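Below: one structure, written as structure tokens.
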Amino acid sequence: MGLASKAEYVLSQSCYHCGLPVEDKGTFTVEIADIDREFCCYGCLTVCQTIYATGLQSFYHKTPKGAVLAPPPEVPAELSAYDLDEVQADYVDSLMPQRTIHLLVEGIHCAACVWLIEHALAKQPGVLNAEVNLTAKRLKLRWDNHKTSLSKILHALAQIGYAAVPFDPETAEGALARRHRGLLYRMAFAGFAMMNLMWISIALYSGADQGAFRNWFHWIGFLIATPTLFYSGYPFIRNGLIGLRRRYLTMDLPIAIGASATYFYSTYVTMTDSVTGEVYFDTVVNFLFVILVGRYLEAISKRQALSATRRLLELQPKLATRVEGGETRIVPIRSVQIGDLLLVKPGEKVPVDGIIEYGQSAVDESMLTGESLPVPKQENDQVVAGSINGEGAFKVRAQQVLRNTALAKIVALMDEAQASKAPIQRIADRIVPWFVLVTLTLATITFVYWLSFDFETALLAATSVLVVTCPCAFGLATPMSVAVATGVGASRGVLVKQGAALERLSQVNHFVFDKTGTLTEGKLQVTDIQSFHGLDEKELLRLAASVEQHSEHGIADAICYSAEKNGLKLSANSRFNSTPGKGVQAVVDNKRVMVGTRAWLQTQALEINAEQSQRLSELEQRGVSCVLIAVEENIEGLLGLVDTLREDAAETVQNLIKSNIAVTVLSGDRQAVVAAVTAGLGQIDRKAEVLPRDKSDVIRQLQQNGDVVAMVGDGVNDAPALIQADVGIAMASGTDVSVASADVVLSHQELNKVAEARQLAARTLRTIRQNIVLSISYNVIMVPLAMMALVSPLVAAITMPISSLLVIGNAARIGRTFKR
């Protein structure tokens, strides 16, 4: 039986849905699309019917990648339990009507599965968004809990053949371990067969192929090679056949054809007792073993390259010691609630984000902050989950638990970035599917050419071409680099949300910094209080603080803190009104009080005399920001506030300038203040008196001039500019809005991480290009050698995984970017 007819025979006996053999033909048969279809089980039959009933039959014609379908997995019992808020609280982002959850989906095998799940769920009422990560086998689901329940969505998934449970790192790690274990078993079986078959090969090569026992040795080789091909090589054969049935050429098809063709030819020689042909059972077993070794090494290398994410996951403790009354009790971390009091003993990991209520210690926060020395902690200090307690014991009141901790958010950002695609990856995605077609074409040309000389040479040369061509390395070039880079960045305090941001960041030629809170410490202090008309300075401060007490601006915080420090009692205010970037006003003690900038008060028809103007100018020349205080239409005085540059601001800006990158500073302060505060930054562009709504316009103007712009900010008023910029970079000390609007978050509160982020992005893009060149160069060199019959199938099997390992190893070198 030829190879083609053999494939047709297998397909005719396989399940229409999953492709596995049908043991009892006719048991599960149903008419689908006017054709009687065979199924291996009732599960496959019902899933197929559901897919056709919902109009999603295109699933069977979509592109499969990687592993193939299998019978529907067992659906978790009691799906309704997942509807309970008490259960969902451990997994969803919030208990509001619109919720987001990550599900670990069993049964995802290929891109067709991704298409089917996303389109099937899109038709479900109440489902707002469904995104499947093929690599991680995870589904990010957003739904309206008032319109549908989670159990209904899980049931809909089950109907189309997928079992889903809320994602848990331990569950995911277990599934990964099972896949690795299965690969290890197949590799070990092939290795054992190879060692035994080696003795047969030695005997045949030593002269036994000319003796009376020649055919006996052939039969022994057949008995060893057969189970090896159909067990160790089963994934390659199955993937190739299913791909053919769906009219798609999978990456495993060339390997399956090469192994099968060599095996069937050797079987033909054995069964016909041919005296002219040779058997190549050893070649089949050897290159299957080598390919499996390569894939196992790839899997291990990927885990090591992505170890930063795993290390962060391991920081989260599984247990906590809860203080209940006068007793302590060890409880699972999932049962800890906000407000619980927890005991952290010496050497233990802090289980939650919270505030120390009793005790003191030194805490190692190096994995989260990069600070190598333990940080002293005492009562009322904050601690974060995953940090390690030193020698002292303390009790901490939980403020954030599980997914809402800083550690969990960092891990979530890394997961999202590693699952995303950089624009350069689209090139690889378009090219990889053509690799297999080119491979088969070249193998056919090679076979036809060498057939005129010698059949066995033609067979081995064609097999070498099939095996040596490797699209895997090209496919890994971008995702591995992005995954490693995001892990390295996280360990350095640079959290990249999307892989695309790395590519854009490497192209940035203009950085724009917000001044207050970004280039400066953001901790304004009242240093000057001047009264113009004899009003007591403390009364002036009290009135200003009484107005500002409901404002969230940094100036308001500084004024209120100064009033509190001076022991001043604030009055209630009414008719409060705020003009962003300009000032505030309210009625205090039956008086209209206004606190704001000179320009704003002038728009309110308030006059500033020459003496007052001179005092303002003198302070501004010294870098003091001034706000004026008006009471009942009279300007009564001013408050001077000072903010200092961060220690690393000058170094950061100078490093960027040395790299030929333009730098602009945006501020709402007056030009004199901005110039004084940023005097030590060198030759940069300073834009003063920029209102919050105008910051995005400045960014847009720079982009229209041809610049690729990165915006660095930390406040609510920076959010529009962060979104407008090509890359938005937020300080983690900033507001939730600015962090949510940014592409990159700096978690270590160090401004020099801006330069590191760009350095990491440039290194990542360079590595991606190197990987693409590596993968293409390998094929350009090895394929012609194989076509010239200069490379045996075994050598091809050895070199094929090496190309992938080179790509993975080169990506891992990104981790050395900041090592000296």
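All figures in this text were calculated on a predicted structure; none of them were measured in a lab. Along the sequence shown, residues carry numbers from 1.
For the side-chain contact (heavy atoms from CB on, under 4.5 Å) criterion with Ser506, the lone passing option out of Ile768, Leu765, Val727 is Leu765.
The CE atom of Met194 sits 10.5 Å away from the CE atom of Met187 when rounded to the nearest 0.5 Å. In this structure, CG on Leu121 lies 12.0 Å from CD on Glu131, to the nearest 0.5 angstrom. Remark: Asn771 CG to Asn810 CG distance equals 4.5 Å, nearest 0.5 Å.
Annotation for Val105 and Ala164: closest pair CG2-CB, 4.1 Å, computed over non-hydrogen atoms. In this structure, Thr446 and Ala462 approach most closely via the heavy-atom pair CG2-N, 4.0 Å. Of all heavy-atom pairs spanning Leu760 and Ala485, the tightest one is CD2-O, 3.5 Å.
With sequence neighbours left out, the side-chain hydrogen bond (donor to acceptor under 3.5 Å, both in side chains) criterion links Gln703 to Gln724, Asp726. Applying the side chain to side chain contact (heavy atoms under 4.5 Å, CB included) rule to Ala190 yields the partners Thr228, Ser232, Phe289, Leu292; only residues at least two apart in sequence or on another chain are considered. For Arg700, the salt bridge (charged side-chain N to carboxylate O under 4.0 Å, His left out) partners two or more places apart in sequence, or in a different chain, are Asp697. In this structure, the side chain to side chain contact (heavy atoms under 4.5 Å, CB included) partners of Thr100, at least two apart in sequence or on a different chain, are Asp93, Lys140, Arg142. By the side chain to side chain contact (heavy atoms under 4.5 Å, CB included) test, Ser777 is found to be paired with Val773, residues two or more places apart in sequence or in another chain being considered. Applying the side chain to side chain contact (heavy atoms under 4.5 Å, CB included) rule to Leu229 yields the partners Ile237, Ala259, Tyr263, Val284, Leu288; only residues at least two apart in sequence or on another chain are considered.
When side chains are defined from C-beta on, Phe511 does not count as touching Thr652, because their heavy atoms never get closer than 4.5 Å. Between His510 and Asn705 there is no side-chain heavy-atom pair separated by less than 4.5 Å. Ile729 has its side chain within reach of Leu505: a pair of non-hydrogen atoms, C-beta onward, lies under 4.5 Å apart. For the pair Thr444/Thr441, no side-chain contact is recorded, criterion being any heavy-atom separation below 4.5 Å from C-beta on. A 4.5 Å side-chain heavy-atom check between Thr767 and Arg813 finds every atom pair outside the cut-off.
When the shell of 6.0 Å around CZ of Phe192 is examined, it contains 12 or fewer heavy atoms from other residues, nucleotides or ligands.
Without hydrogens or angle criteria, Ser464 side chain to Val791 main chain gives a donor-acceptor distance under 3.5 Å. Remark: the backbone N or O of Tyr231 is paired with a side-chain donor or acceptor of Arg186 at under 3.5 angstrom.
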Point to revise | Residue pair Leu806, Tyr778: steps toward the side-chain contact (heavy atoms from CB on, under 4.5 Å) verdict | key: CA-CA 10 Å; Leu806 285 174; Tyr778 161 80; over 6 Å; no
Point to revise | side-chain contact (heavy atoms from CB on, under 4.5 Å) between Tyr449 and Met787, worked out | key: CA-CA 9 Å; Tyr449 173 79; Met787 294 181 70; over 6 Å; no
Exercise for review: For Leu141 and Asn129, run side-chain contact (heavy atoms from CB on, under 4.5 Å): C-alpha distance rounded to whole Å, both residues' side-chain angles, the deciding distance at 0.1 Å, then the answer.
Suggested key: CA-CA 6 Å; Leu141 174 70; Asn129 188 42; over 6 Å; no
